[in-house]
Amino acid sequence: MAELSKDIAAYDRLRHQLETDHFGEWVIVHDERLVGVFRDFQEAAAEAVRRFGRGPYLIRRVGAPPLTLPRSVMYSAA
């Protein structure tokens, strides 16, 4: 999933500013751009699905360590 790797890299480039301005909030990164900042995961997920369907896109809590998901979750058949 090259697209997701690019979104993770984009988040990493934005990390310092996000941690300064939005620590603890949830962000969506898609196509290497910050799409939005949200108070909770449910809001972020609903907006991501509404705008981008099944993805890929990155939803991450600012300041939290990244999660490692099992390959079966990341690459499940549609």
Side-chain angles (χ1 to χ4, degrees):
M1 298 214 112
E3 299 91 3
L4 189 55
S5 295
K6 290 179 181 180
D7 290 343
I8 292 168
Y11 175 86
D12 287 341
R13 288 190 298 274
L14 298 167
R15 181 188 312 264
H16 178 73
Q17 191 63 44
L18 289 171
E19 288 179 351
T20 299
D21 297 340
H22 300 289
F23 193 87
E25 295 181 290
W26 293 85
V27 296
I28 301 170
V29 178
H30 177 64
D31 282 342
E32 302 181 62
R33 293 187 329 266
L34 177 65
V35 174
V37 179
F38 302 87
R39 292 180 47 204
D40 61 48
F41 175 78
Q42 289 78 12
E43 286 181 72
E47 181 65 9
V49 170
R50 184 186 73 76
R51 290 179 69 175
F52 310 115
R54 294 193 64 168
Y57 42 79
L58 177 69
I59 300 175
R60 183 166 290 173
R61 189 168 195 182
V62 178
L67 296 175
T68 302
L69 298 174
R71 182 174 282 278
S72 61
V73 173
M74 293 296 294
Y75 301 105
S76 62

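Here the NZ atom belonging to Lys6 is positioned 13.0 Å from the CD1 atom belonging to Ile8, to the nearest 0.5 angstrom. Rounded to the nearest 0.5 Å, atoms CZ (Arg61) and CZ (Phe23) are 8.5 Å apart.
Closest approach of Val62 and Tyr11 over heavy atoms only: CA-OH, 3.5 Å.
Applying the salt bridge (charged side-chain N to carboxylate O under 4.0 Å, His left out) test to Asp12 and every residue at least two apart in sequence or in another chain returns Arg15. With sequence neighbours left out, the side chain to side chain donor-acceptor pair (under 3.5 Å) criterion links Gln17 to Asp21.
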Pairs of donor and acceptor atoms involving the side chains of residues 42-51, under 3.5 Å and at least two apart or interchain, shall be tabulated with distances.
from, atom 1, to, atom 2, distance (Å)
Glu47, OE1, Arg50, NE, 3.1
Glu47, OE1, Arg50, NH2, 3.4
Glu47, OE2, Arg50, NH2, 2.8

Can you give each donor-acceptor pair under 3.5 Å made by side-chain atoms of residues 24-39, sequence neighbours left out, with the distance rounded to 0.1 Å?
from, atom 1, to, atom 2, distance (Å)
Glu25, OE1, His22, ND1, 2.8
His30, ND1, Pro56, O, 3.2

